[in-house]
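Just so it is clear, the values below take in all heavy atoms, side chains as well, and ignore hydrogens, waters and symmetry mates. Proteins come first, then strands; the chains are lettered A, B, ... in the order of their sequence lines, and each starts at number 1.
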Amino acid sequence: MADIATSAPASIPAPLWRRHAIALVIFAALAVVPFIWPERYVLSLVGRAMVFGIAALSLDLILGYGAMVSFGHAAFLGLGGYAVAILSAHGIDEAAISFPVAMLVGAAFALVTGAISLKTRGVYFIMITLAFGQMAFFTATSLSAYGGDDGLRMFSRSDVFGTRLLRNETSFYFVVLGVLLGVYLLLRAIVGSRFGRVLRGAKENERRMRALGFDPFRYRLAAYVISGAICALAGALFANLTLFVSPAYMSWQRSGDMIAMVVAGGLGTLNGAIIGAIGVLLIEEWLAELTQHWKALFGPLVVLVAIFARGGLVKLIDRGAGR
Amino acid sequence: MLTVSSLEAGYGDVQVLFGISLSIAQGEVVTLLGRNGMGKTTTIKSIFGLVKPSGGTIAMDEVALAGKPPFRAAQAGLGLVPEGRQIFPNLTVEENLIATAADRDRAAKPWSLERVYEFFPRLKERRRNMGTQLSGGEQQMLAIGRALMTNPKLLVLDEATEGLAPVIRQEIWACLARLKQDGQSILVIDKNVDALVKLADRHLILEKGRLVWEGTSADFLASPDLKDRYLHV
Amino acid sequence: MSSTLLIIQTLNGLQLGVLLFLIAAGLTLVFGVMDFINLAHGVQYMLGAYLAAMFVAWTGSFVIGLILALISALAFGLLLEIVVMRHLYDRDHLEQVLATFGLILFLNEAVKIIWGAAPLQVPVPDMLTGSIVIANGVLYPVWRLAIIGAGLGVALGLYLVVAKTRVGMLIRAGASNAQMVSALGVDIRRLFMIVFGFGAMLAGFAGCMAAPVLSVEPGMGDNLLILAFVVIVIGGIGSIRGAFVGALIVGLTDTLLRSFSVDLLRLGGLSAGDARTIGPAIASMSIYILMAAVLFFRPTGLFPAKG
Amino acid sequence: MTAPILSLRGLSKSYGALKVTDDVTLDIGASELHAIIGPNGAGKTTLIGEITGEVPLDVGQVTFAGEDITRLPIHARALRGLTRSFQITQILPAFTVLENVATAAQAHDRSSFRFFRQVSRDARLNDKAVAALDQVGLRPKAELPATSLSHGEKRQLEIAMALVSEPKLLLLDEPMAGMGREETESLVAVLMALKGRYPMVLVEHDMHAVFRLADRISVLVYGRVIASGTPDEVRADPAVREAYLGEEDFA
Amino acid sequence: QEPIRIGVIETLSGPSAVLGQHARDGFLLAVRQLGGRMAGREVQVTVVDDELKPDVAVQRVQTMLDRDKVDFVVGPIFSNVLQAIHAPVVNSQRAFLISANAGPSTYAGRGCHENFFVTSYQNDQVHEVLGAYAQSRNLRRVFLMTPNYQAGRDAMAGFKRHFRGEIVDEIFTPLGHLDFAAELARIGSSNADGLFTFMPGGMGVNLVRQYRQAGLVQRVPFLSAFTVDESTLPAQQDAAIGMLAGMTWAPNMDNPQNRKFVADFEAAFGYVPGSYAMQAYDAAMLIDSAARATGGNLSNRDAVRAALRKADFVSLRGKFRFANNHYPIQDFYTVRAAKRADGKFQTEIVDRVFTDYTDVYAAQCQMRW
Ligand SMILES: Nc1ncnc2c1ncn2[C@@H]1O[C@H](COP(=O)(O)OP(=O)(O)OP(=O)(O)O)[C@@H](O)[C@H]1O
Ligand SMILES: Nc1ncnc2c1ncn2[C@@H]1O[C@H](COP(=O)(O)OP(=O)(O)OP(=O)(O)O)[C@@H](O)[C@H]1O
Ligand SMILES: [Mg+2]
Ligand SMILES: [Mg+2]
């Protein structure tokens, strides 16, 4: 069975300036949103899109650059959220404590499940990560003490070093934007580093990488752990955004949504992950306003993107700009 | 039988072939020579529709092939032994031979499993093995056998002796000679120019995607500078 | 935990397994053989059930309804192939995932627009209603036996076609190298179209067989799709035999653990209350734990398709 | 003879009833070019796989540079300087030609757990890679993606990747296969130049090249070494002529 | 004059969409019957789908509150969605939250809130009905089966509140469970003289049909909550006939407003309304009563709240009033699935089990008014 994503057509990467141009435009646009639309619902809508952007970025690291299609990634989102909400239920509202804890929890879960999952490849990897995601889901469902299936409420946003920074919608928005930017820059550095090259190489041809003296397992596992920690961070922000966590955040459908975002935006480009997450959520919201049968419109749209935007929305933008 | 005129083709924006014209008559053995990367394989792929030509025409026995899907070429009587073997890894040796077997024009002496096994006894020994479990050379034999099983009018071999032991290579040359005697038309690409000169009727030399020389074996032997200039032997 | 209960639960596990096999078979065929990940397989199953509900209600006969549903499922499969799938064969798996994900959204909504959001039903055909005595005091519904029978028949037929016939060889060859199959003279596109249509029909058939037992509702295929993936991954992708064995293992594990996990935990020394809360949680995770365990020891499933 | 760089002791391996490696015992000298020839399916590639660790052995012992490496995984052997090229080309298709070689260089250049510096601007790796590409004649194609190379060019790329891997022993599995005359000639020249520097094991069906390059030749038939000696001895061996060389004259 | 704006949030996609559809249609029917106006002001209804995803629900409710400036949020079907949107709405300083179905204990006791009203019931009560019924009918040995989640555990607790007999066994099935063969085998081999179950949506359809197919209906009477109702009957059909459920209402409830409601509903939407539709309809009437009482001026929140508390509208259930926790005080019945003369299926009232019944959590609620 051919490994997932190894059959992607080779392409000469877009010129450097254009790659940065797209990112620049995205971040600039996100930064001006609060000045144009200061309404709370816009901030929370775009804020939610950015949180998913962070999650999608974390997924793109392993999926786009490492050909590890995690179908249980929503578990990390949920774990991060539950870490923050449970700490908060026990009176610990300080983000400087709860956010690192969330990331540690995500990293630890990634380390354990990754070490097992990474024995497999391709579709088998997809399914074993799904299995772990489902276990996390069912565990959360049976956590009666923390609401079980009904979920767990948070009574207020986390404090930041004792300040109430996150309680103001606009400053919360900019914090999320800042985290998104930070994660983006971090991942941009990682994929272009020595580490990133080994990761990409192992996706291209594992046998070759071994014969060169690399042990792909260690690099993949490290990437998986980084990804899990970042996605848990997204989960921590998500819990603060909705002031609520629930097993529904970990359902396999949610993992599927995240994969769809990354693929629709464009695999292995980072920009694509952000564009995919924001694009999918905004279009969803917009279509849902139009009609209650919006999925009957959204579905075909997704199909069209898959068929015609070879390489995702970023490629489409690239091609548009390339003329 | 096969006529190609002003063929142009390439990959993406890069053009590789520039106006190739050639023809092969019934019963002829023709070679395509040239250094690495000159466009030999691309020519073959274009004829088979594995690469879409951007210009020119291709016809096999009056059937126009340019722009058609690959199976049309095969149905028109072309049999391919591709570069890099490309045998089916998840089929056994025997299944590799049978799966695409055909006898479209009721050949006088059609190829059968027995005949192929007789020809490559090694394959018979390994016939229950999966394609991937074969050694490189065995895979090569299998690829030839597979093409023969389609009973082609024109057999096309792209580097068919690559990686074969000298004895086997000699056997394959002998086999091609026998096929030629039976009236089989063959188009062959190979780096063993010396063996090809003995076997083939005509030679074509490619240089950077253009046909730069064409002539019979006698012509070829008569102009030794050719080898230096285009093949650098 | 009486022995009659064990017999019945084993039969139930078998029946669930066979139903899963019917769904998984088409999936593994299209996946293993054409190397195409078709997430829309689950909605094709749903569509089969809806078509059965509609045609059975129209004609008043299960058999005629079944035939009409199968024909429509086939036709719909071919339509999907032409409109969507064939543009994606030579693409990355993930683009296939994306496109078929879009199809799920669309079809789940479409059936709601056409047939309404409320669940529908298909009555058990008259001649197969009721139960029969299979052992002393053990009653079993005839329809469930019919499902088992149909599944076994399909399993055998499929195995023979894929493993023994030339068409089977060609589709396997096409999976690994479609261009080469074409270059050797076979119209691979048409072959794939037929396989896909057939896979869609199998999914539809599973839907028809399930409809008299399960409620016909939007989204009914989504969870079963995941189960079917679990099945083919445990069995080894592309292997009909693997799908069959995998389906039976999943069906039996799920059913038996669901029935006996609480008792087992209590035997293991847990208090009744604890066993009652932990047991079901374990039972719902059981097949995932099973899959993770299988893949841990055999990373390509129980019967990896050779090659 | 100085201590051998690689010694194989009693290697055996079967696939079911098929013995692909049958009690092979062989020493590769610290500075020799040792050719292994034999009919198709004799077990040459398998033998290389056993040396590099890709193919698990049934029995036998592999000693490399004085260390028993029989149980080491592939990558650990590679890091100790056991470098191979593949019979069926194995490259990183979406990487550029330069990146392919630079990746090979990176494996032997300190840790790869470095997350921040841009590797594409790592001059030390790139310089090494460019030098190797010069040697095999691929320099002009350095910036192209490796998929766009022709078959022969990919073979050259494999050699370049082997050259930057700081080999203590080069295992070359049919490096000339698919190369044209000219390229074969230049590769022979490259190998000639390397001969003193690295010990090499060369599996090759191109007898012209083998007889010119090899210091010693071993002949493998059905998994067994049936002859081992200088090129002249092997050429003269009637068993070898029958099993492998045939009628042709490889003077 | 500005219209009165009402946001309706229901689950309208996925397998449970049918429930949201009932509620939406019930609400829209009420607005239509009111001529699209309340207290002379035009009514603008925004319906959104929560997709059964709590975060999506929060997002959409946020939009309703901030952009659409709604005065009331009506919905949702499921408790977990309610948990997520409760705080954003009740703290919004603008809108009241009126749950037309979900009635979790969380907000009935200490967690009650002055801006939150429920027109359905407290969830436990429906289960209590069956416990009390089983007790009164002298069913001595009852088998319990619910899905393995909070609502399922609550259901069992609710049933046991009035039931004194023996619980033969308890089964928790996975949520979304399809094939009950294994469970039915256990029920059949037990010596229970009744089954109590809570299997909403598709699970209920499957259970009821398989229960009938297994031939258990005669041997082990079937008592249920949210398992046999107008949302599932179209699929259960004959299989459900005669099975018992607990509810506050049934389509055949005999009062003029209800007869008109059912007739109009069927004429407008072509199916038989269930309790979800009835509760949403009552929610609309409740809002209308508050609008009328305040003369259409919704800006004084205290006045609106006071008016809502009066519940001065004609409920389809006949009588309706709020307890101090804003959950209803009402009668509860056992209902039975039946086939009507026109071939459609509905539930019909059998017995009144509780009269003017208040939920047990109300006492813990600190609100006094
Ligand atoms: N898939 C591809 N994408 C882009 N360029 C390609 C591709 N395949 C081949 N080329 C380029 O086309 C040119 C001709 O290649 P072709 O394979 O036809 O050469 P060839 O004569 O068969 O060489 P060889 O003897 O090495 O097989 C080469 O320069 C090669 O780099
Ligand atoms: N995984 C496997 N399972 C079964 N048989 C195998 C497997 N791998 C290799 N073989 C068999 O082992 C034998 C030796 O193969 P190997 O590739 O080592 O030959 P080789 O000497 O390199 O031949 P060539 O010169 O043709 O490349 C072949 O007959 C091959 O079919
Ligand atoms: Mg070539
Ligand atoms: Mg070999």
Side-chain angles (χ1 to χ4, degrees), chain A residues 2-3 5-13 15-16 19-20 61 64-67 182-183 185-223 225-227 229-230 267-269 311, chain D residues 48-49 52-54 73-86 88-96 99-122 125 143-149 157-158 161-162 164-167 171 173:
Chain A
D3 266 9
T6 48
S7 54
S11 60
I12 303 169
L16 217 57
R19 228 166 52 197
H20 290 313
L61 172 68
Y65 294 91
V183 166
L185 292 176
L186 176 76
L187 293 182
R188 182 55 78 219
I190 288 181
V191 298
S193 69
R194 285 188 167 210
F195 175 82
R197 178 185 269 172
V198 180
L199 198 60
R200 286 181 290 134
K203 165 190 162 185
E204 288 291 313
N205 188 340
E206 180 166 356
R207 187 157 175 227
R208 176 30 101 187
M209 292 303 279
R210 262 185 225 286
L212 287 179
F214 296 105
D215 178 8
F217 177 82
R218 292 165 58 206
Y219 298 89
R220 289 193 169 127
L221 186 58
V225 170
I226 294 172
S227 173
I230 294 177
L267 271 179
T269 57
Chain D
I48 295 212
T52 59
E54 273 198 3
I74 305 167
H75 59 92
R77 300 188 197 202
L79 287 180
R80 282 168 172 70
L82 207 51
T83 301
R84 80 173 289 187
S85 76
F86 288 89
I88 296 169
T89 317
Q90 302 284 339
I91 51 166
L92 308 168
F95 282 28
T96 65
E99 275 184 292
N100 263 278
V101 187
T103 307
Q106 183 183 323
H108 299 269
D109 187 276
R110 304 177 202 172
S111 166
S112 284
F113 276 98
R114 293 210 205 157
F115 297 94
F116 302 109
R117 277 253 321 274
Q118 288 300 293
V119 67
S120 57
R121 288 198 287 269
D122 195 326
L125 300 183
E143 293 307 324
L144 293 183
T147 30
S148 68
L149 296 184
L157 176 56
E158 282 237 350
M161 292 170 81
V164 295
S165 293
E166 299 185 358
L171 301 164
D173 195 357

side-chain contact (heavy atoms from CB on, under 4.5 Å) between M209(A) and T103(D), worked out: CA-CA 9 Å; M209(A) 292 303 279; T103(D) 307; 3.8 Å; yes
Chain A contact via A76(D) - side chain, backbone, both or neither, heavy atoms under 4.5 Å: neither
Engaged part of R84(D) at the chain A interface, taking heavy atoms whose separation is under 4.5 Å: both
Nearest-0.5 Å distance, CG of residue L212(A) to CG of residue L92(D): 7.0 Å
Top contributor to chain D contacts, counting heavy-atom pairs under 4.5 Å, from A222(A), G201(A), G213(A): G213(A)
Option in A189(A), P216(A), S193(A), G196(A) with maximal non-hydrogen atom pairs under 4.5 Å from chain D: S193(A)
Best-contacting candidate, I91(D), N100(D), L82(D), T52(D), against chain A by heavy atom pairs under 4.5 angstrom: I91(D)
From CZ (R218(A)) to NE2 (H75(D)), nearest 0.5 Å: 7.5 Å
T83(D) portion near chain A, given a 4.5 angstrom heavy-atom threshold: neither
Residue, of V119(D), I74(D), L79(D), that accumulates the most heavy atom pairs under 4.5 Å with chain A: V119(D)
Contact origin within S148(D) toward chain A - heavy atom pairs under 4.5 Å: neither
Engaged part of L125(D) at the chain A interface, taking heavy atoms whose separation is under 4.5 Å: side chain
Heavy-atom pair with the smallest gap, counting every atom of S112(D) and F214(A): OG-CE2, 3.5 Å
Euclidean distance, R208(A) CZ relative to Q90(D) CD, rounded to 0.5 Å: 7.0 Å
Distance in Å, R200(A) CZ paired with F95(D) CZ, rounded so as to fall on 0.5 Å steps: 4.5 Å
Aromatic ring pairing Y219(A)/F113(D), orientation class (parallel under 30°, perpendicular over 60°, tilted between): parallel
Side chain / backbone / both / neither for D122(D) at chain A, heavy atoms under 4.5 Å: side chain
Nearest heavy atoms of A94(D) and E204(A), plus distance in Å: N-OE1, 2.8 Å
Non-hydrogen atoms of Q106(D) and R197(A) that approach each other most closely: OE1-CD, 3.2 Å
Salt-bridge present (R207(A), E54(D); N to O < 4.0 Å): yes
Minimum heavy-atom distance between A211(A) and A78(D), given as atom pair plus value: O-CB, 3.2 Å
